[in-house]
There are 2 protein chains.
Amino acid sequence: MSKKKVSLKDIAQKAGVSTALVSYVLNGKEKESRVGQEIAASIKKIAEELNYQPNYVAKSLRSGKTHTIGLIIADISNPFFANIARIVEDEARNHGFTVIIGSSDENADKSWNLLNVLIHRQVDGFIIVSSENSEKQIYHLKDKHIPFVLLDRHFSEIQTDFVTVNNYKASYDAGTHLIQHGYQSIGMIAYKSQLFHMKERIRGYLHSLKENDISFYDNWLQEVRFNYIKKEVKLAIDAMRSSEQPVDAIIFATYGLAVNGLKYINALHLKVPTDLAIVSFGQAEGFDLYYCPITYLRQPIEDLGKTAVELLVKKLKNPEQGMQQILMEAKLMIRDSSRRKN
Amino acid sequence: MSKKKVSLKDIAQKAGVSTALVSYVLNGKEKESRVGQEIAASIKKIAEELNYQPNYVAKSLRSGKTHTIGLIIADISNPFFANIARIVEDEARNHGFTVIIGSSDENADKSWNLLNVLIHRQVDGFIIVSSENSEKQIYHLKDKHIPFVLLDRHFSEIQTDFVTVNNYKASYDAGTHLIQHGYQSIGMIAYKSQLFHMKERIRGYLHSLKENDISFYDNWLQEVRFNYIKKEVKLAIDAMRSSEQPVDAIIFATYGLAVNGLKYINALHLKVPTDLAIVSFGQAEGFDLYYCPITYLRQPIEDLGKTAVELLVKKLKNPEQGMQQILMEAKLMIRDSSRRKN
DNA sequence: ATTTTTTGTTTAAACGATTAAGCTTACATT
DNA sequence: AATGTAAGCTTAATCGTTTAAACAAAAAAT
């Protein structure tokens, strides 16, 4: 089976007309281009019979549009990003776009590489979860007038479209919640990072303490390096516990930090929440399977992803589209790991 | 900034030669096409200066190759597939290919849709984790001579290239392990499915019982429907426990089943492994965070993904490439949830 | 001195679609 | 009868590459 691919030319030949007519008809331009009724009908019929499928590569070359979106995330094997990817993909497909995903591993060089590969592949636009020190890349896109939307993170000093959660508020809520449930010595483990969203998470945490007149001890805030997460999370927990004022609760700034932290807490035979209460950013089955379900900040992943796609698609259809910056709220899902202290 | 895109023509003009020469030089065909030394050098220099980047769309149109692979999986938000996707992506990029991912949700119709969208996008080939009842799709690809490799699952009645684990052996190992650790009444929760890999998992389990002269009770094997997983896993566990011969151990045939099962087991306040030992297929942090780390079958995800890409790339480069069918071994990672019964 | 070969380069078609502009008819208007 | 206009269709350029074939000039062989 499987004869040659059917092209416009084949249809034109069979119908005894030029390819122009076929193109007009199959693109629904019969009216504007005054194609005869019968001829139009017969073209449609033949196209149907031959099971014509347009060649998108040819279309793309002509139009300069590939109907493809590049999605750059930190790591597709991280559940948060996997979920984002899923939403973005589905939503993009609904709009007739195809998605190409790349994982940057939070590494600016990899991200730069990906960006360029995808630009050369002529993607129409990008949805990006930025890595640290990747400001240059953003400027580059602006320079080249390639449309993009930042997702989950943005740079406070660069004006761009973005869709993120209000990390400050989320963190503040987490801290306040713990305080209201009777915890007085609350630590936070975050990444050592210049990224705005991380700074905001820290700021929110600190603010919740201050507002409740809890005096802060330096040891309570631990910033670990992404590439040494396993070791440094342990050190961080050790430091917090041996602090002048040992913590009775910890807020983890990401899912990955929480996974590592909880493993160590298990190893130390600490009981959650009696020895240590927990609140974490991120979400995945891990938190459900834990013997004491973990209180977490649920980010509106579906909304985030859909909105990012919508913004981008709008920009692609109308490059004059004004800038949009969207902050969404994370919801604190209260479970056992932050049970009221007795 | 951002003047117009630089094309071969621009370079040709600046160098005062035809585009053909430029093409030859930039594709390293200077020798075969006997391009003059100086002219070649100057072309290279100019290309460099103008920062020329070839237009892949045009290249694709000409060559009929897009250097793009379609990856169809069940669901990118499932950690197993997310990991696969990650590996496939990286490996493909190493070979100069780009990956487009689609999630089928184990649904043959969606999968069929995806397949067609990607075919029209002119992907060069596919890596597919097949859904149930998608045999037709496989025949379709064979018919059209579109290269593909099946991953993780295959159809015993269709001759295709594939890369999967030896599910029979994995399951058999799990059963044997439990028996050797003193468990006598071992149940399995699997999906109700015609898919070969699922049948094999069941077959391996049954065989381990038989070989150890353990008589099997019908209630021990529970097959639940994918779309009713939450409810039916509960029913399954209830049925096993109220069996004539209640189970003291359960093998879960997938990670998703295990997550649901463990949640219910927690809700029932059953202690693992004293009340119920557990072994599961799949892997993710969930199993580490569980108060009693779960014994699981670790599939060689990295190898699976890489090998699938390698096979496909080989086929793309040489369509005459003979069929390859690769079975890999899953490794039983023994942890606390199957601790020796005392 | 003529022919052949080699070397270096250009021409032009092709991939598959889109679309502005041009070309015929037929019909309506004066 | 002459002119204008609308309808219906074709031509040909274009997007950016690749590459077989043609060509011209120089070098080698006769």
Side-chain angles (χ1 to χ4, degrees), chain A residues 3-44 46-47 50-68 96 119-124, chain B residues 3-44 46-47 50-68 96 119-124:
Chain A
K3 308 119 203 166
K4 283 289 310 217
K5 270 291 192 85
V6 182
S7 74
L8 279 193
K9 214 194 252 176
D10 300 321
I11 301 182
Q13 235 146 37
K14 198 148 187 191
V17 298
S18 71
T19 60
L21 271 199
V22 180
S23 172
Y24 290 139
V25 170
L26 297 183
N27 287 299
K29 306 227 172 111
E30 340 173 12
K31 291 279 137 63
E32 303 98 294
S33 312
R34 326 168 284 222
V35 181
Q37 301 258 316
E38 325 82 82
I39 227 45
S42 101
I43 286 175
K44 281 183 190 161
I46 294 176
L50 297 185
N51 186 30
Y52 169 72
Q53 302 294 158
N55 181 323
Y56 280 96
V57 173
K59 267 178 142 74
S60 293
L61 178 57
R62 183 81 225 280
S63 67
K65 300 270 151 255
T66 52
H67 282 256
T68 299
I119 290 176
H120 299 159
R121 292 265 177 172
Q122 323 284 134
V123 302
D124 291 343
Chain B
K3 308 117 200 167
K4 282 289 311 218
K5 271 289 192 86
V6 180
S7 75
L8 280 191
K9 216 195 254 175
D10 299 321
I11 300 181
Q13 236 147 35
K14 197 147 186 191
V17 298
S18 71
T19 62
L21 273 200
V22 180
S23 173
Y24 290 138
V25 170
L26 297 184
N27 287 299
K29 305 227 172 108
E30 340 173 14
K31 291 280 137 62
E32 303 98 294
S33 311
R34 323 169 286 222
V35 182
Q37 301 259 316
E38 326 81 83
I39 228 42
S42 102
I43 286 174
K44 280 182 190 160
I46 294 176
L50 298 185
N51 185 31
Y52 168 72
Q53 302 295 156
N55 181 323
Y56 280 96
V57 173
K59 267 178 142 80
S60 293
L61 177 58
R62 182 80 225 279
S63 67
K65 301 270 152 257
T66 53
H67 282 256
T68 299
I119 290 176
H120 299 158
R121 291 265 176 172
Q122 323 283 134
V123 301
D124 291 342

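Order of the sequence lines sets the chain letters (A, B, ...), proteins ahead of strands, with each chain counted from 1. Predicted model only: the values in this text are computed from it and were never measured.
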Subject >> Spacing between B:L8 atom CG and C:dT10 atom P, to the nearest angstrom >> reply: 14 Å
Original post:
Given axes from five pairs at either end, by how many degrees does the helix from C:dT2-D:dA29 to C:dT30-D:dA1 bend, rounded to 10°?
Top reply: 70°
Original post:
When we call it a touch if two heavy atoms are under 4.0 Å apart, what does A:S7 touch: a base, just sugar-phosphate, or nothing?
Top reply: sugar-phosphate
**OP:** Not counting sequence neighbours, list each pair that qualifies as a salt bridge (Lys or Arg N to Asp or Glu O under 4.0 Å) and has a residue in residues 11-33 of chain A.
**Re:** A:E30-A:K44
Original post:
Rounded to the nearest Å, what distance is computed from the CG atom of residue A:L21 to the C1' atom of nucleotide D:dG8?
Top reply: 8 Å
Original post:
With no hydrogens and no angle check, is any side-chain donor or acceptor of B:S7 less than 3.5 Å from a backbone partner on B:K9?
Top reply: yes
**OP:** Let me know, please, whether A:S18 or B:K9 comes out on the 5' side of the other along DNA chain D by nearest nucleotide.
**Re:** A:S18
**OP:** Check DNA chain D against residues 23-31 of chain A and give the residues with a non-hydrogen atom under 4.0 Å, in numerical order.
**Re:** none
Original post:
Can you tell me how far P of D:dA6 sits from CD of A:E32, to the nearest Å?
Top reply: 17 Å
**OP:** Pull out every residue in residues 50-66 of chain B that has a heavy atom closer than 4.0 Å to any atom of DNA chain C, ordered by number, or say none.
**Re:** B:L61, B:R62
Subject >> Between D:dT10 (C1') and A:Q13 (CD): distance, integer Å >> reply: 15 Å
**OP:** May I have all residue pairs that pass side chain to side chain donor-acceptor pair (under 3.5 Å) and include part of residues 57-66 of chain A, sequence neighbours excluded?
**Re:** A:T66-A:D124
Original post:
How close or far is atom C1' of C:dG16 from atom CZ of B:R121, stated in whole angstroms?
Top reply: 16 Å
Distances under 3.5 Å between protein N/O atoms and the N/O atoms of nucleotides 22-24 of chain D, please, pair by pair.
none

Subject >> Whole-Å gap separating P (C:dG16) and NE2 (B:H120) >> reply: 15 Å
Original post:
More 5' along DNA chain D: A:T19 or A:I39, using each one's nearest nucleotide?
Top reply: A:I39
